[in-house]
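Letters A, B, ... are given to chains in the order of the sequence lines, protein chains preceding strands, and every chain is numbered from 1.
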Amino acid sequence: MDFKTKLTNWYSNNKRDLPWRHTKNPYHIWLSEIILQQTQVKQGLPYYKAFIKHYPTVFELANASEQEVLKLWQGLGYYSRARNLHKTAKHVAFELNGNFPDNYKDLLKLKGVGDYTASAIASIAFNEVSAVVDGNVYRVLSRYFGIETPINSTAGIKKFKKLASSLIDKGNPAMFNQAIMEFGATHCKPKNPYCIVCPLNESCVALQKNLIDSLPVKLKKTKVKTKFFNFLVCIDKNNKTILEKRTSKGIWQNLYQFPLLESHKSLSSEEFHLLDLEDSVLKNLKYDYSLYNEEDIIHKLSHQHLHTKFWIIEAEKLTAKAILTNEIKNYPVPVLISDFIESFNFNKL
DNA sequence: AATTCGGGGGA
DNA sequence: TCCCCAGAATT
């Protein structure tokens, strides 16, 4: 038996029952692939179900507001995926009459669709022979063939795409692509893979050479930066508060938060005045303040550690853009903010 | 070629 | 802690 036969046989006996495996609807396949980018099935599954329920077709998604889409995406991370999802839905619905492109080349033109996702949709929804290369494929192929080229180098990206293309089952590209990914996800795992009972173990180079734990090779990532965030949680006698939209580039674009002031260090309660309050929502306002958390809440992103303090600001009457605190739930917010909102009882004041 | 985008979970 | 996850876009 050759590589693809052993792999697809394993898949037939071991695949998980997942909702997007019961359809060839390009909208459903596309939605699942966007959600699953850099996201484990367990984490993405409830979001997939929620999106299908709220937006049964690409037209409902296209007609939704970006804020509503981001709210439904809240907690999943990489929010550019949600913004691009919405843009592409509008494009498909209004420019392409609701029809997704049906081939790799044209799928690649869609916002948020790169090499992996274009191959995935083309093969799974349209049976095009186009090999996917995701994190699972890198791991399976680097181990089986004993390839030490870094998977995130230009040479590695080309080599593994070419190798996967040479292995794909041209008679059933949809099954082969899903099989190799599923095999990587549940069998040829990063830690403690099931080599003893592996259908490919007789010919796996990494297993023979004891390289399982050192493959795949990956270039080291950049180091994490530390930032100090101070959120101003304003509350007035009318039970109103202030949320601001993050409009600039960077993390959490188009999500909402309490007014934010950054500092160069973690501030104590006595150092509140070190914040640049002149240019903040507190300008020309009488207020009392208190520190909600003495210890920094450290919110860890992949490339930033956010040392966070929440300052409770009580005022007589907030001006301008204040909203009722019971309306907060309508706004998409980062997990850091939603965790605070959950722990802080606005109604007690 | 490197960096920037989140958040959850495993060992 | 560190690493990984059905990667893409930007610099």
Side-chain angles (χ1 to χ4, degrees), chain A residues 11 15-16 18-21 29-48 70 73-85 87-88 107-121 123-124 131-140 150-158 160-161 164 174 176-186 188-193 213-225 227 246 248-255 298-306 332-339:
Chain A
Y11 181 65
K15 66 179 176 183
R16 291 168 288 182
L18 300 170
W20 48 84
R21 290 186 174 154
I29 301 299
W30 165 72
L31 182 57
S32 71
E33 293 301 341
I34 302 299
I35 287 174
L36 292 173
Q37 286 169 3
Q38 291 292 284
T39 303
Q40 298 193 156
V41 167
K42 189 197 302 182
Q43 187 187 4
L45 184 53
Y47 287 85
Y48 174 81
L70 282 171
W73 196 273
Q74 179 178 307
L76 197 54
Y78 286 158
Y79 297 94
S80 66
R81 289 185 294 170
R83 298 190 301 270
N84 287 333
L85 184 82
K87 274 183 208 157
T88 293
L107 284 162
L108 201 51
K109 298 173 184 171
L110 301 177
K111 283 290 186 187
V113 175
D115 179 80
Y116 162 77
T117 305
S119 288
I121 300 172
S123 62
I124 297 171
V132 296
V133 183
D134 72 336
N136 295 305
V137 177
Y138 281 123
R139 184 168 53 258
V140 171
I151 60 173
N152 54 343
S153 66
T154 302
I157 292 168
K158 285 181 61 179
F160 284 98
K161 180 75 177 184
F176 176 87
N177 277 342
Q178 295 184 81
I180 192 169
M181 291 191 284
E182 184 78 343
F183 181 73
T186 69
C188 191
K189 302 178 296 175
K191 303 278 180 63
N192 304 319
D213 290 329
S214 57
L215 289 175
V217 174
K218 196 170 183 178
L219 267 34
K220 59 182 180 296
K221 66 178 194 300
T222 57
K223 80 179 212 294
V224 177
K225 294 176 182 174
K227 291 187 175 180
R246 292 182 65 95
S248 59
K249 290 189 295 181
I251 61 170
W252 304 330
Q253 187 179 11
N254 292 2
L255 273 67
I298 303 176
H299 188 74
K300 294 179 177 179
L301 307 181
S302 49
H303 58 297
Q304 293 181 33
H305 287 182
L306 309 176
V333 297
V335 167
L336 174 60
I337 301 298
S338 65
D339 283 352

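- Taking atom P on both nucleotides, C:dT11 is separated from B:dG6 by 15 Å, rounded to a whole Å.
- Comparing the same atom, P, in B:dG8 and in C:dA8 gives a spacing of 22 Å after rounding to whole Å.
- Note that the first and last nucleotides of DNA chain C, 5' to 3', having any atom under 4.0 angstrom from a heavy atom of chain A are C:dT1 to C:dT11.
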Q: Could you run through nucleotides 3-8 of chain B and give me one letter per nucleotide, 5' to 3': B if any protein heavy atom sits under 4.0 Å from the base, S if only the sugar-phosphate is that close, - if neither?
A: SSBBBS
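- Taking for each of A:E33 and A:V113 the nucleotide of DNA chain C with the nearest heavy atom, the 5'-most of the two is the partner of A:E33.
- Comparing C:dT1 with B:dC5, their C1' atoms are spaced 23 Å from each other, to the whole Å.
- The two residues A:V41 and A:L36 come nearest to each other via the heavy atoms CA-CD2, 3.9 Å.
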Q: Take A:Y116 and A:E33, measure what side chain to side chain donor-acceptor pair (under 3.5 Å) needs, and give me the verdict at the end.
A: CA-CA 9 Å; A:Y116 162 77; A:E33 293 301 341; 2.7 Å; yes
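- Among the protein residues, A:T117 comes within range of the sugar-phosphate backbone only, with heavy atoms under 4.0 Å from sugar or phosphate atoms but none that close to a base.
- Checking side-chain atoms of A:K161 against main-chain N and O of A:A131 turns up a donor-acceptor pair under 3.5 Å.
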Q: Apply side chain to side chain donor-acceptor pair (under 3.5 Å) to A:R81 and A:Q37, showing your working.
A: CA-CA 9 Å; A:R81 289 185 294 170; A:Q37 286 169 3; 5.0 Å; no
(Q) Just to be sure I follow the notation: if a pair is Watson-Crick (purine N1 to pyrimidine N3 plus N6-O4 or O6-N4) or a G-U wobble (N1-O2 and O6-N3), each under 3.5 Å, what dot-bracket string does DNA chain B give, with | for pairs to another strand? (A) |||||.|||||
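- Across A:T39 and A:Q43, no two heavy atoms sit closer than the pair CG2-OE1, 3.6 Å.
- One distance of note links CD of A:Q253 with OG of A:S80; it measures 8.5 Å at 0.5 Å rounding.
- As judged by a 4.0 angstrom heavy-atom cut-off over every strand, A:R83 is placed among residues making no nucleic acid contact.
- Checked by atom type and distance alone, the side chain of A:S123 pairs as donor or acceptor with a backbone atom of A:A120 at under 3.5 Å.
- Residue A:D115 is in sugar-phosphate contact alone, with no base atom involved, counting any heavy-atom pair closer than 4.0 Å across all strands shown.
- Crowding of A:K189 atom NZ: a count of heavy atoms from other residues, nucleotides or ligands under 6.0 Å exceeding 12.
- Using cut-offs of 30° and 60° on the angle between ring planes, the pair A:Y138 and A:F160 is perpendicular.
- The main-chain N or O of A:L85 is never found under 3.5 Å from a side-chain atom of A:T88 such that the two would form a donor-acceptor pair.
- Among the atoms of the strands shown, none is found under 4.0 Å from any heavy atom of A:W73.
- Across all strands, A:K42 comes closer than 4.0 Å only to sugar-phosphate atoms, never to a base (heavy-atom distances).
- Looking at which nucleotide of DNA chain C each of A:L108 and A:N136 is closest to, the 5′-most match is held by A:N136.
- In this structure, CD in A:E182 is found 13.0 Å from CG in A:N177, a value given to the nearest 0.5 Å.
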